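Given the structure is predicted, the values throughout are model-derived calculations rather than measurements. Residue numbers begin at 1 in each chain, while the letters A, B, ... track the order of the sequences.
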There are 2 protein chains.
Amino acid sequence: MGVTKSENFTVEQNELAILAKAIGHPARIAIIQYLIKVKSCVCGDIVNKLPLSQPTISQHLKELKNAGLIKGTVEGNTICYCLDEAGFSKIKAFTEHLNLYFENQNNQCC
Amino acid sequence: MGVTKSENFTVEQNELAILAKAIGHPARIAIIQYLIKVKSCVCGDIVNKLPLSQPTISQHLKELKNAGLIKGTVEGNTICYCLDEAGFSKIKAFTEHLNLYFENQNNQCC
DNA sequence: TTTGTATATTGCAATATTACGATATAAATA
DNA sequence: TATTTATATCGTAATATTGCAATATACAAA
């Protein structure tokens with residue numbers, strides 16, 4: 001099929017899945033890492049930083065934006081992108097659960 | 001195409017992408033959440049906990065295992081699954097970078 | 001040994017994703 | 001106004017993912 005049965009899962013599970021899926025591509029990881037590295041918004045040079053064509057990068061940026069992981073602000077001719085805390089804070093809550101799990105792994109069996 | 005140009009990105013970027021992609025499905029989130037909740041291995045009742053067929057769940061478990069996010073141990077007739085710290089520790093390192101970014105967001109522009 | 005139980009694999013149909021050339025749009029500049 | 005520059009959208013081909021029925025495998029129990 002190729003179609004995910006979203007209706008069988010909770011809103012939270014679907015939200016987390018959408019976020020993780022959006023992160024799940026090396027080009028989108030590279031975009032996120034670049035935005036972390038420069039420590040601010042980036043106006044208009046992302047295309048030059050990635051080994052993909054302009055339409056492809058535009059598509060990846062759109063997906064990150066749809067997932068709530070980056071924000072884009074029109075700045076005259078160019079667009080300024082930066083990380084969006086909204087999306088990442090949901091991931092943070094999830095990973096903190098995981099950290100707690102591994103810190104208290106008393107009853108492990110395998 | 002549908003084929004990711006992995007060779008254009010770093011090993012780290014590809015590894016992270018594979019991990020995030022594996023998490024990026026509500027059924028696999030549900031499996032992870034269930035393993036967190038029961039706080040131990042789970043032997044043989046995952047199929048009853050999810051609203052998907054047995055072959056589909058088997059496939060999702062395989063993907064989580066391939067990504068290094070869960071471990072499975074054969075226990076007679078059943079298989080015991082638990083979370084695998086190996087995979088999650090890589091994600092932890094990545095999210096900690098992000099946390100630092102948002103804690104020091106002095107030079108934000110959008 | 002036969003039967004039951006749990007999980008994996010195969011095969012396939014439907015849909016999603018990735019990538020990019022061509023083209024559109026919109027602002028900046030000459 | 002015409003041209004350049006930056007980004008988005010469209011259309012399409014190739015490949016990947018999702019889901020399940022059917023079947024296989026492997027151990028357990030009768």
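The listed nucleotides are C:dC20, D:dT18, D:dG19; the one nearest the side chain of A:Pro55 is C:dC20. Comparing atom distances between the A:Gln59 side chain and each of C:dA19, D:dA28, D:dA22 picks out C:dA19 as nearest. The side chain of B:Val3 lies closest to D:dT15, out of C:dT18, D:dT15, D:dT9. When the nucleotides C:dC20, D:dC20, C:dA26 are ranked by their closest atom to the side chain of A:Asn77, C:dA26 comes out on top. Out of C:dT7, C:dG4, C:dT9, the shortest distance to the side chain of B:Lys62 is found at C:dT9. The side chain of A:Ile79 has D:dA8 as its nearest neighbour among C:dT18, D:dA8, D:dG19.
Among the protein residues, A:Thr56 comes within range of the nucleic acid bases, having at least one heavy atom under 4.0 Å from a base atom. Within the nucleic acid shown, B:Thr78 comes within 4.0 Å of sugar-phosphate atoms alone, with no base atom in reach, counting heavy atoms only. Residue A:Glu75 is classed as having no contact, given no heavy-atom separation below 4.0 Å to the nucleic acid. B:Ser58 comes within contact range of at least one nucleobase, with a heavy-atom separation under 4.0 Å. B:Lys21 comes within 4.0 angstrom of the backbone, heavy atoms only, and of no base.
In the interface, the side chain of B:Gln54 is not paired with the base of C:dA6 through any donor and acceptor atom under 3.5 Å apart.
To the nearest 0.5 angstrom, B:Lys37 atom NZ is 13.0 Å from A:His97 atom NE2. With rounding to the nearest 0.5 angstrom, the CD1 atom of A:Ile29 is 4.5 Å from the CZ atom of B:Phe94.
Atom NE2 of A:His25 and atom P of D:dT17 are 11 Å apart (whole Å). Distance, A:Leu52 CG to C:dG21 P: 11 Å, rounded to whole Å. In this entry the distance linking CD of A:Glu63 with P of D:dT9 reads 13 Å, nearest Å.
Mapping A:Ser53 and B:Asp45 onto DNA chain C by nearest heavy atom places B:Asp45 at the nucleotide closer to the 5' end. Nearer to the 5' terminus of DNA chain C, by closest-nucleotide assignment, is the contact made by B:Val47 (compared with the other of B:Val47 and A:Arg28). For the pair A:Phe9 and A:Ile57, both in contact range of DNA chain D, the more 5′-proximal nearest nucleotide belongs to A:Ile57.
In this structure, B:His25 and A:Phe9 have perpendicular ring planes: the angle between them is above 60°, well past the 30° mark.
A distance below 2.5 Å between sulfur gamma atoms is not met by A:Cys80 and A:Cys41.
Distances shown here put every side-chain N or O of A:His60 at or beyond 4.0 Å from the OP1 or OP2 atom of C:dT17.
For the residue pair A:Thr10 and A:Gln13, a side-chain donor N or O sits within less than 3.5 Å of a side-chain acceptor on the partner.
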